[in-house]
J.: 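My questions will all concern the structure given below.
Only heavy atoms go into these numbers, but all of them, side chains included; no hydrogens, no water, no symmetry mates.
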Amino acid sequence: MSDQHPPRSPRPGGPRRPSGHRARAGGSARAVPRRTDGAPAPRPRGEGQGPHRSSGHADRAGGPGRRGDAAGPAPTRPLPRVEASTGAGGPGEHPEDARAGAWGEEPQPGHDGRGHGGPAGPGGPSRTRRRRSRIPRPMRLGATLAVLLLVIVLGWGAGLTLWANSRIEHVDALSEAENTPGTTYLIAGSDKRDGEAVNADGTEGARTDTIMLLHKARGGKSYLISLPRDTLVDIPGHGGYKLNAAYSFGGAPLLVETVEEFTGLTIDHYVEIGFDGVSQVVDAVGHVNLCIDQDVDDEKSGLKMTEGCHDVGGEQALAFVRARYFDPTADIGRQARQQQFVSALMDRATSPAVLLNPITQVRLAGAGSGALTTSDGTGIVDVARMALTARSAMGSGSLSIPVEDPEYQTNNSGVAILTDDEDIKAFFESVADGTAEPEPAEG
């Protein structure tokens with residue numbers, strides 16, 4: 001074999017270039033070192049391997065161990081090996097991430113290097129791209145405002161309820177009588193002779209000029225029944241007297257017990273309102289619309305009205321429910337006017353002008369709760385239910401107790417209203433089970 005070998009190709013393992021070939025500038029070929037005797041110098045061990053040859057094999061061009069070559073030309077320097085399966089940045093790294101690392105950039109969190117969000121799963125990269133809502137933005141904004149408004153309304157109602165409850169006076173009025181079906185309210189208008197709206201006339205003690213029984217039967221039917229104050233009843237522990245005398249003798253507890261014995265219904269809620277409160281409640285809602293069938297100028301009650309319907313304030317509304325001397329039917333006519341007032345007040349209090357006006361709501365809650373005295377456990381919510389029940393009852397028509405003699409002369413109490421025990425028992429039994437038929441409402 002000749003001592004002179006053709007130059008090696010720049011590509012490892014490539015063919016030898018012919019003699020006289022000049023490698024291009026910047027190529028990978030380098031001059032082969034020579035010994036002083038002219039023979040090629042031996043190549044260092046480990047040189048000449050290409051990027052795909054392991055360090056344990058000899059170079060084809062005459063590396064150590066090649067047959068026929070004692071020593072071959074010096075190889076080029078091996079290039080750094082890059083594993084295709086792991087990439088430049090470590091196991092499992094994508095080449096794009098390797099490039100990002102090479103330029104000093106870090107892959108974004110949640111990015112798998114393939115343009116997909118989220119970590120790559122066993123079945124490929126998962127897509128966690130946020131989808132845009134299909135609900136239009138104006139609708140979402142409207143829903144948010146609606147929820148906010150609801151929170152404000154509920155908060156306002158809760159605060160108003162707590163404030164009104166704190167103003168109500170309570171009295172231990174209910175008896176221990178056995179409960180009867182349905183819900184029964186006893187409503188009393190008391191005249192304690194200590195307010196500006198009622199003039200003192202020398203009467204001792206408190207009186208109840210207005211007594212109403214409101215019953216909601218178990219079947220859902222409601223009845224509002226006026227109990228004439230001059231009705232002759234048996235008052236426990238006192239004997240036969242007019243009904244309003246029970247309040248004078250023993251206050252709310254004795255009145256409740258007397259009404260329960262007279263009607264056979266157990267009272268569930270007792271609600272008392274002072275006459276001064278009637279005037280204040282009407283003024284709080286602005287006015288009520290009341291109708292009368294004749295011209296009236298009553299000095300004792302202070303009622304002055306012409307025939308027809310009128311919007312009246314608190315003072316005239318109070319005179320309307322108290323007046324009786326101008327009316328030949330006396331107490332019977334007054335109870336009809338009292339029921340008319342209750343219906344007119346419920347209509348006004350539940351009108352949009354009152355319900356949608358926060359200022360009016362505060363005035364009504366303040367005037368009503370400040371004038372109320374209720375049984376223990378009866379709060380403003382129960383009073384509101386009572387008002388709604390009364391409205392429903394008035395819409396069905398009026399109901400009056402059966403009277404045997406409206407001008408019965410007593411020995412000690414003057415003229416009273418006499419009733420028959422059997423008729424009263426049958427009447428209130430029909431009220432209790434919801435079978436009573438009220439007379440159609442007028443107007």
J.: Which residues pass the side chain to side chain donor-acceptor pair (under 3.5 Å) test with Q361, sequence neighbours left out?
T.: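 Counting only residues at least two positions away or on another chain, Q361 forms a side chain to side chain donor-acceptor pair (under 3.5 Å) with W156.
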J.: Which residues satisfy the side chain to side chain donor-acceptor pair (under 3.5 Å) test with Q338, sequence neighbours excluded?
T.: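 If we apply the side chain to side chain donor-acceptor pair (under 3.5 Å) test to Q338, skipping adjacent residues, the hits are T210.
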J.: Does a donor on one side chain and an acceptor on the other come within less than 3.5 Å for E272 and S190?
T.: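 Judged by distance alone, the side chains do pair up.
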J.: In chain order, what residues pass the salt bridge (Lys or Arg N to Asp or Glu O under 4.0 Å) check against K221, with sequence neighbours excluded?
T.: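 Applying salt bridge (Lys or Arg N to Asp or Glu O under 4.0 Å) to K221 gives E437.
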J.: Report the residues that fulfil salt bridge (Lys or Arg N to Asp or Glu O under 4.0 Å) with R167, sequence neighbours left out, ordered by chain and then residue number.
T.: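 Result, salt bridge (Lys or Arg N to Asp or Glu O under 4.0 Å) vs R167: none returned.
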J.: Going through the checks in order, is the ring-ring contact (aromatic ring centres under 6.0 Å, His included) test met by H215 and Y223?
T.: CA-CA 5 Å; H215 178 75; Y223 303 98; 7.1 Å; no
J.: Can you list the residues that meet the side chain to side chain contact (heavy atoms under 4.5 Å, CB included) rule with V171, with sequence neighbours excluded?
T.: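 With sequence neighbours excluded, V171 shows a side chain to side chain contact (heavy atoms under 4.5 Å, CB included) to A173, A252, Y270, T373, given in chain and number order.
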J.: Are side-chain heavy atoms of V403 and L418 found at a separation under 4.5 Å?
T.: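 Side-chain contact under 4.5 Å: no.
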J.: With sequence neighbours left out, write down each residue that passes side chain to side chain donor-acceptor pair (under 3.5 Å) with H170, or none if nothing qualifies.
T.: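 Result, side chain to side chain donor-acceptor pair (under 3.5 Å) vs H170: T374.
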J.: May I have all residue pairs that pass salt bridge (Lys or Arg N to Asp or Glu O under 4.0 Å) and include part of residues 244-253, sequence neighbours excluded?
T.: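 Matches after skipping sequence neighbours: none remain.
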J.: Any non-hydrogen side-chain atom of V259 less than 4.5 Å from a side-chain atom of L227?
T.: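 Side chain of V259 against side chain of L227, heavy atoms only: contact under 4.5 Å found.
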J.: For residues 378-395, which side-chain donor-acceptor pairs fall under 3.5 Å, sequence neighbours excluded?
T.:
residue	atom	partner	partner atom	Å
T378	OG1	H269	ND1	2.9
T378	OG1	S375	OG	2.9
D382	OD2	G379	N	3.0
T389	OG1	R385	O	2.9
R391	NH1	M346	O	3.4
R391	NH1	D347	OD1	2.8
R391	NH1	T350	OG1	2.9

J.: Just grab all the side chain to side chain donor-acceptor pair (under 3.5 Å) pairs involving residues 415-425, residues at least two apart or on different chains.
T.: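 Non-adjacent pairs meeting side chain to side chain donor-acceptor pair (under 3.5 Å): zero.
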J.: Are any non-hydrogen side-chain atoms of I401 and F428 less than 4.5 angstrom apart?
T.: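 Touching, per the 4.5 Å side-chain cut-off.
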J.: Once salt bridge (Lys or Arg N to Asp or Glu O under 4.0 Å) is applied, do any residues pair with D268, and if so which ones, sequence neighbours excluded?
T.: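 Checked D268 against salt bridge (Lys or Arg N to Asp or Glu O under 4.0 Å); zero matches.
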J.: Can you sort out the partners of T144 under side chain to side chain donor-acceptor pair (under 3.5 Å), two or more places apart, ordered by chain and number?
T.: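 Checked T144 against side chain to side chain donor-acceptor pair (under 3.5 Å); zero matches.
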J.: Can you tell if the side chain of L232 reaches within under 4.5 Å of the side chain of L243, non-hydrogen atoms only?
T.: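 Heavy-atom side-chain distance check fails, nothing below 4.5 Å.
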J.: Can you list the residues that meet the side chain to side chain contact (heavy atoms under 4.5 Å, CB included) rule with A432, with sequence neighbours excluded?
T.: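 Counting only residues at least two positions away or on another chain, A432 forms a side chain to side chain contact (heavy atoms under 4.5 Å, CB included) with L265.
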